[in-house]
J.: 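This is the structure I want to talk about, given as structure tokens.
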Amino acid sequence: MMSDHSAPFQQPYGGAYEQMLEKVRYDGAYPTREKAEQAVRLVLAGLGRQLTGDERVELAARLPLEAARILTAQIPDTQPLTGWAFVKDLAARTGASLATTRWDTGSVFSAVAAYAGSDLITRILSQLPSGYALLFGRAELTQAA
């Protein structure tokens with residue numbers, strides 16, 4: 001009988017995380033899985049710095065384990081960023097262009113939304129400052145001036 005200790009060497013991540021990376025790779029048209037994983041790590045860490053409370057806990061519970069670890073390893077910022085500031089912050093951390101970073105964010109948030117479900121994303125969006133709905137591929141609900 002084979003021991004379970006050899007399993008991590010056969011597949012570096014759990015199947016659910018592999019599927020998430022493949023979804024991001026496909027949706028984002030990344031040339032390699034590594035590029036998709038870089039985007040996932042960057043964006044989930046950024047989201048982990050923005051999200052607090054029940055929504056953070058619930059999202060982590062719905063994501064694949066490896067993705068949840070990336071999210072929850074971050075300490076939330078005391079000053080949440082708007083959606084645009086979030087993209088600019090991620091771009092500054094990587095040196096990537098704003099357009100590339102915006103693409104990465106949308107690609108990863110699309111996968112996150114698939115795991116989270118519509119109701120949880122709605123609650124997350126109500127907690128975050130303005131600008132995140134568009135990053136999640138939704139219309140931004142704004143108050144009329």
Side-chain angles (χ1 to χ4, degrees), residues 5 7-145:
H5 297 298
F9 298 111
Q10 293 166 354
Q11 189 173 29
Y13 299 114
Y17 186 61
E18 292 287 342
Q19 287 175 335
M20 182 181 190
L21 293 179
E22 280 305 310
K23 176 170 176 41
V24 171
R25 181 179 173 188
Y26 181 80
D27 291 351
Y30 293 99
T32 65
R33 210 192 68 123
E34 289 71 27
K35 291 278 187 206
E37 186 170 16
Q38 286 171 355
V40 167
R41 290 184 173 281
L42 173 72
V43 175
L44 282 179
L47 186 59
R49 290 188 291 274
Q50 300 304 308
L51 207 52
T52 59
D54 291 346
E55 289 79 13
R56 177 185 173 106
V57 172
E58 197 171 330
L59 179 59
R62 294 185 187 191
L63 289 173
L65 180 61
E66 294 85 349
R69 283 188 182 136
I70 298 165
L71 180 84
T72 58
Q74 304 301 314
I75 297 167
D77 291 339
T78 51
Q79 281 295 351
L81 300 171
T82 63
W84 180 236
F86 176 83
V87 171
K88 288 199 294 192
D89 176 66
L90 295 182
R93 288 170 186 269
T94 61
S97 73
L98 289 173
T100 298
T101 305
R102 166 68 181 84
W103 181 264
D104 290 348
T105 303
S107 300
V108 174
F109 279 2
S110 169
V112 167
Y115 282 95
S118 183
D119 293 348
L120 179 56
I121 294 300
T122 299
R123 292 196 348 253
I124 287 170
L125 291 174
S126 70
Q127 185 199 97
L128 294 170
S130 68
Y132 285 88
L134 292 172
L135 298 173
F136 274 100
R138 290 188 177 190
E140 188 77 54
L141 300 176
T142 54
Q143 300 277 327

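Side-chain atoms are counted along with the backbone in the values below, which use heavy atoms only and exclude waters and symmetry mates.
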J.: I'd like to know whether D89 forms a salt bridge (Lys or Arg N to Asp or Glu O under 4.0 Å) with R93, so could you lay out the CA-CA distance, the side-chain angles of the two residues, the decisive distance to 0.1 Å, and finally the verdict.
T.: CA-CA 6 Å; D89 176 66; R93 288 170 186 269; 2.8 Å; yes

J.: Which pair of heavy atoms, one from A111 and one from K23, lies closest together, and at what distance?
T.: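 In terms of heavy atoms, the two residues are closest at CA-CE, 3.7 Å.
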
J.: Please report the closest heavy-atom contact between Y30 and A39, naming both atoms and the distance.
T.: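 Smallest heavy-atom distance, with atoms named: OH-CB, 3.7 Å.
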
J.: Would you check if L47 and L59 make a side-chain contact, meaning some heavy-atom pair closer than 4.5 Å?
T.: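 The answer is yes, as the side chains (C-beta and beyond) meet within the 4.5 Å cut-off.
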
J.: Strictly distance-based, threshold 3.5 Å: is any side-chain N or O of R49 a donor or acceptor partner for the main-chain N or O of I75?
T.: no

J.: With a 3.5 Å distance limit and no angle check, can you tell me whether R56 reaches the backbone of T72 through a side-chain donor-acceptor pair?
T.: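 Looks like yes, one N/O pair under 3.5 Å.
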
J.: If you compare all heavy atoms of L98 against all heavy atoms of V87, which two are closest, and at what distance to 0.1 Å?
T.: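 What the structure gives for the nearest pair is O-CG1, 3.9 Å.
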
J.: When rounded to the nearest 0.5 angstrom, what distance separates CG in D104 from CG in L135?
T.: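 So the gap between those two atoms works out to 11.5 Å.
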
J.: A side-chain contact here means heavy atoms from C-beta on lying under 4.5 Å apart; do E66 and M20 qualify?
T.: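 E66 vs M20: side chains apart.
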
J.: Find the distance between CZ (R102) and CG (L134) and round it off to the nearest 0.5 Å.
T.: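 That separation rounds to 7.0 Å.
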
J.: Begin from the C-alpha positions of T100 and T94 and carry the test side-chain contact (heavy atoms from CB on, under 4.5 Å) through to its verdict.
T.: CA-CA 11 Å; T100 298; T94 61; over 6 Å; no

J.: Would V112 and F136 satisfy side-chain contact (heavy atoms from CB on, under 4.5 Å), going step by step from the backbone distance to the final call?
T.: CA-CA 9 Å; V112 167; F136 274 100; 4.2 Å; yes

J.: For the pair S110 (side chain) and G106 (backbone), establish whether a donor and an acceptor sit closer than 3.5 Å, ignoring hydrogens and angles.
T.: no

J.: Regarding R138 and T122, is there a side-chain donor-to-acceptor distance under 3.5 Å anywhere?
T.: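 Side chains of R138 and T122: pair found under 3.5 Å.
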
J.: I'd like to check L44 versus L63 (side-chain heavy atoms, cut-off strictly below 4.5 Å). Are they in contact?
T.: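 Contact flag for L44/L63 side chains = yes.
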
J.: So which heavy atom on V40 is nearest to which on Y17, and how close?
T.: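 In terms of heavy atoms, the two residues are closest at CG1-OH, 3.9 Å.
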
J.: Is any side-chain heavy atom of V108 less than 4.5 Å from a side-chain heavy atom of L42?
T.: no

J.: Determine whether Y132 and L81 make a side-chain contact, defined as any pair of heavy atoms from C-beta on separated by less than 4.5 Å.
T.: yes

J.: How long is the straight-line distance from CG of L125 back to CG of L120, given to the nearest 0.5 Å?
T.: 9.5 Å

J.: Could you walk me through whether Y115 and Q19 pass side-chain contact (heavy atoms from CB on, under 4.5 Å), step by step?
T.: CA-CA 11 Å; Y115 282 95; Q19 287 175 335; 4.2 Å; yes

J.: Write down the atom of P76, the atom of L51, and the distance for their closest heavy-atom approach.
T.: CG-O, 3.7 Å

J.: Does Q50 use its side chain to pair, donor to acceptor, with the backbone of L128 at less than 3.5 Å?
T.: no

J.: How far apart are the closest heavy atoms of S97 and A91, and which atoms are they?
T.: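 Closest heavy-atom pair between S97 and A91: O-CB, 4.2 Å.
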
